[in-house]
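Taking it in order: structure first as structure tokens, then the write-up.
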Amino acid sequence: MWDVPLFPEQASTTAARVDALYFALLGMSFFFIALIYGLLLFFGIKYRRGSKADRSNRVSTSHTIEALWIGIPLVLSIFFFVWASRVYFELYNVPRDAAEVFVVGKQWMWYLQHPEGKRETNELHVPLGRPVKLTLTSQDVIHSFYVPAFRMKQDALPGRYTTTWFQPTKTGRFHLYCAEYCGTNHSVMGGWVVVMEPADYERWLSRGSTGESMATAGAKLFQQYHCSGCHGDNPTVRAPRLEGVFGGPVPVQEGKSTRMVVADDRYLRDSILMPQSQVVAGYDPVMPSYEGQISEPDLLQIIAYIKSLGRNGGDQP
Ligand code: CUA
């Protein structure tokens with residue numbers, strides 16, 4: 001065969017499904033292009049100047065043809081809509097048992113951290129055969145985390161967490177890119193995703209690790225940034241306790257009424273950076289904002305610590 005890499009290899013559970021849809025759309029486009037240009041050519045020849053074709057131009061109406069040119073595209077569009085939606089939902093529903101990795105994009109590198117504490121730059125090591133959930137954010141402008149072999153692309157936005165996932169199906173090294181123009185060195189912002197056998201991965205994870213998990217590091221930062229002064233034992237002001245907050249509904253004061261919000265990553269993040277935007281009912285809005293004082297990686301570790309304090313509903317993470 002020719003050695004022209006038109007398509008990246010398929011290395012995730014969703015890659016083949018994305019490709020199948022892509023080729024079906026491509027095939028349909030080719031069919032209609034061939035049909036339209038075929039007819040164009042056919043009529044061009046049939047009615048060329050000097051031919052003996054019938055040019056009486058009589059008017060004819062056919063309800064069958066009208067029904068067909070409405071019906072066929074309708075059925076085709078609905079068919080592709082349903083098919084594509086199913087792939088879309090699969091791509092956006094993160095499996096519950098996924099391993100987590102936190103990603104921070106910044107000009108011009110990818111910074112990654114595993115919950116066990118291990119940090120990486122421009123390289124992501126993951127085990128084979130297990131779904132991996134990525135939580136992404138950016139320290140400056142919009143970046144986009146793109147691994148063609150996994151058919152996976154997700155923007156990393158400043159001030160927000162986005163999530164995506166993939167499950168690798170082969171071991172090896174796969175190119176990682178930034179797929180959003182983010183400044184001078186955008187083109188060199190990238191690296192590799194290394195998929196390893198689970199045993200090799202465990203070995204890699206323990207090698208050269210400080211042994212400090214994100215939650216443990218977050219607990220230290222919780223002291224360092226004086227969060228514990230109000231949210232810890234012996235508080236100086238009355239502030240909500242954070243044990244068991246994550247994952248559950250929290251009553252937030254809005255004017256005279258309260259609204260229930262789910263305490264997810266976004267809620268915790270906004271509560272630290274914009275505490276006045278969502279004050280827990282029954283408490284005074286006295287918390288200062290930490291906007292611009294905590295780096296994105298530190299913020300992720302503090303959130304990991306708050307999550308480690310238990311989930312609403314009792315089950316430990
Ligand atoms: Cu980061 Cu382009």
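Just follow the structure's listing: the first ligand is 1, and inside any ligand the first atom is 1. Since the structure is predicted, the reported quantities are computational estimates derived from the model, not experimental observations. Position 1 is the first residue of the sequence; numbering continues from there.
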Item to complete: Would you check if atom 1 (Cu) of ligand 1 lies under 2.8 Å from any N, O or S atom of M189?
Response: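 It does: M189 brings an N, O or S atom closer than 2.8 Å to atom 1 (Cu) of ligand 1.
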Just say parallel, tilted or perpendicular for the rings of [X] and [Y], cut-offs at 30° and 60°.
X    : Y    : answer
Y305 : F222 : tilted
F23  : F7   : tilted
F166 : F150 : parallel

Check your understanding: If you look at E180, which of its N/O/S atoms is nearest to atom 2 (Cu) of ligand 1?
Key ->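 Answer by atom name: O.
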Notebook entry, point to check: How is the N/O/S atom of H186 that comes nearest to atom 2 (Cu) of ligand 1 named?
Noted result: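 Of the nitrogen, oxygen and sulfur atoms in H186, atom 2 (Cu) of ligand 1 lies nearest to ND1.
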**Prompt:** Just one of D270, V103, T137 clears the side-chain contact (heavy atoms from CB on, under 4.5 Å) bar with Y161, so which one?
**Reply:**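 So the option named by the test is T137.
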Checking only N/O/S atoms, does C178 have one that is under 2.8 Å from atom 2 (Cu) of ligand 1?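 Given the 2.8 Å cut-off, C178 counts as a ligand of atom 2 (Cu) of ligand 1.
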*Between E9 and K170, is the closest basic N to carboxylate O distance under 4.0 Å?*
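Yes, K170 and E9 are salt-bridged.
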**OP:** Please name the atom of H143, restricted to N, O or S, that is closest to atom 1 (Cu) of ligand 1.
**Re:**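 When I compare the N, O and S atoms of H143, ND1 is nearest to atom 1 (Cu) of ligand 1.
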